[in-house]
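Only one structure is covered here, and it is reproduced in the block below.
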Amino acid sequence: MTKTFVKNPFLALVSIIIVLVIGGVSLGNMQTDLMPDMELPYLAVIVTEPGASPAEVEKDVVEPLESVLGTVSGVENVNSTSSNNYGMIMLEFAENTNMDSTLVRVSQQLNTVELPEGCGTPNLMEISMDMMATMNAAVDYEGKDIKELTAFNDKVLKPYLERQEGVASVTVNGAIEDTIEVRLDEEKIRKVNKKILGETNEKLSDAQKKIDKGFVRWKMESQN
């Protein structure tokens, strides 16, 4: 073939032109996509519990769902997140799993779970590449503890990121909240109740005596 091209340089030129034309046409018709259409073996289950703390969500929602969904055929990993007012369970399945049939099986398992009153209906969501226009970032601030870091994220970093072009929302995970725990001294409560009860009984006794005296006086006056 080399000898042929050497003897016929015009043939070599034509071949090169044909290859370039085919490559140009193919390149022009090629579609590029940052997030290609791929079937990912992941499902997310989200359940709301308004007014519940992360610990309550863990107990009421996440633990019951994990125990049931972990038995679904094909599940390889179960990861969960408990936050204020809601919990999320992420199910990872084996590669090449038929996600359509898996979606049906998971939905059937969810129908068998009885959640506490006040919890919302579990929302089942299939993960796709189109949903992953997100960025995760870890934040560290030397010399600051977790409370100071939380304040920095809420007051400085989060508002700054939300102002950037193209950012729809910013969610902070791992932050802490100040809470106040009130513990009542039962011994002091009993003493106060006893004191109040004693004073109440004394006043009732005095009132009863006055009523009795008034009744006797009225009876004597009526007889006269």
Side-chain angles (χ1 to χ4, degrees), residues 40-93 97 99 102-141 144-164 167-189:
L40 299 178
Y42 294 94
L43 288 177
V45 179
I46 302 174
V47 183
T48 59
E49 187 178 11
S53 65
E56 292 172 329
V57 172
E58 176 77 18
K59 179 181 178 182
D60 298 339
V61 175
V62 172
E63 291 181 355
L65 290 179
E66 281 184 336
S67 62
V68 172
L69 298 178
T71 62
V72 176
S73 176
V75 173
E76 291 192 342
N77 291 304
V78 179
N79 298 307
S80 61
T81 301
S82 301
S83 304
N84 289 321
N85 305 315
Y86 78 95
M88 182 175 68
I89 296 89
M90 183 71 69
L91 305 176
E92 180 184 355
F93 295 86
T97 299
M99 297 307 295
T102 299
L103 197 65
V104 175
R105 293 199 302 270
V106 173
S107 180
Q108 292 174 344
Q109 288 292 87
L110 288 175
N111 292 333
T112 65
V113 181
E114 293 186 5
L115 297 175
E117 185 178 356
C119 293
T121 302
N123 294 315
L124 186 57
M125 183 170 55
E126 186 175 1
I127 305 300
S128 65
M129 291 297 294
D130 295 336
M131 301 170 57
M132 294 189 174
T134 60
M135 176 182 292
N136 296 321
V139 180
D140 187 20
Y141 202 137
K144 292 187 179 296
D145 57 22
I146 183 63
K147 185 176 181 180
E148 294 172 325
L149 184 59
T150 297
F152 172 76
N153 286 332
D154 291 338
K155 297 179 181 179
V156 180
L157 185 58
K158 183 179 178 182
Y160 171 77
L161 294 176
E162 289 175 337
R163 292 193 298 268
Q164 304 307 306
V167 176
S169 64
V170 178
T171 302
V172 179
N173 294 322
I176 64 170
E177 294 183 358
D178 292 331
T179 59
I180 299 176
E181 182 179 6
V182 179
R183 294 186 179 184
L184 302 178
D185 191 325
E186 296 183 1
E187 184 63 28
K188 289 185 177 180
I189 293 175

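All values below come from the heavy atoms of this structure, side chains included, with hydrogens, waters and symmetry mates left out. The residues of the chain are indexed from 1 along the displayed sequence.
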Exercise. Not counting sequence neighbours, which residues clear salt bridge (Lys or Arg N to Asp or Glu O under 4.0 Å) with Lys147? List them please.
Key: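 Listed in chain order: Asp178.
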Quiz item: When you look at CD of Glu186, are more than 12 heavy atoms from neighbouring residues, nucleotides or ligands closer to it than 6.0 Å?
Solution: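 Check fails, neighbour count at 12 or below.
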Quiz item: Do other residues, nucleotides or ligands put more than 12 heavy atoms under 6.0 Å from Tyr160 OH?
Solution: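 Counting other residues, nucleotides and ligands, OH of Tyr160 stays at 12 neighbours or fewer.
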Quiz item: Looking at residues at least two apart in the chain, or sitting in another chain, which of them share a side chain to side chain contact (heavy atoms under 4.5 Å, CB included) with Val75?
Solution: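 Applying side chain to side chain contact (heavy atoms under 4.5 Å, CB included) to Val75 gives Val72, Val78, Phe93.
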Self-check item: Pairing residues for Asp154 by the side chain to side chain contact (heavy atoms under 4.5 Å, CB included) criterion, not counting sequence neighbours
Solution: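 By the side chain to side chain contact (heavy atoms under 4.5 Å, CB included) rule, Asp154 matches Thr150, Val172.
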Show me the donor-acceptor pairs within less than 3.5 Å that the side chains of residues 108-122 make with the rest of the protein, sequence neighbours left out.
unit_1, atom_1, unit_2, atom_2, d
Gln109, NE2, Thr71, OG1, 3.4
Asn111, ND2, Ser107, O, 3.3
Thr112, OG1, Gln109, O, 2.5

Quiz item: Rounded to the nearest 0.5 Å, how far does OG1 of Thr97 lie from OH of Tyr42?
Solution: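 One gets 11.0 Å once the value is rounded to the nearest 0.5 Å.
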Quiz item: Atom CZ in Arg163, atom NZ in Lys158: separation rounded to 0.5 Å?
Solution: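 Between atom CZ of Arg163 and atom NZ of Lys158 there are 13.0 Å.
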Quiz prompt | Nearest non-hydrogen partners of Glu66 and Ser80, listed with the distance | solution =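 Heavy atoms of Glu66 and Ser80 come nearest at OE2-OG, 2.6 Å.
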Quiz prompt | Considering all heavy atoms, the nearest Val139-Leu149 contact | solution =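 Here Val139 and Leu149 meet closest at O-CD2, 3.7 Å.
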Practice problem: Under the side chain to side chain donor-acceptor pair (under 3.5 Å) rule, collect the residues that match up with Glu148, sequence neighbours excluded. | Solution: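 With neighbours one apart ignored, the set is empty.
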With a 3.5 Å cut-off and sequence neighbours excluded, list the donor-acceptor pairs that the side chains of residues 45-65 form with protein atoms.
unit_1, atom_1, unit_2, atom_2, d
Ser53, OG, Glu56, N, 3.4
Glu56, OE1, Ser53, N, 2.9
Glu58, OE1, Ser82, OG, 2.6

Quiz item: Hey, are the side chains of Asn77 and Met90 touching, using non-hydrogen atoms and a 4.5 Å cut-off?
Solution: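 Answer no - side chains too far apart.
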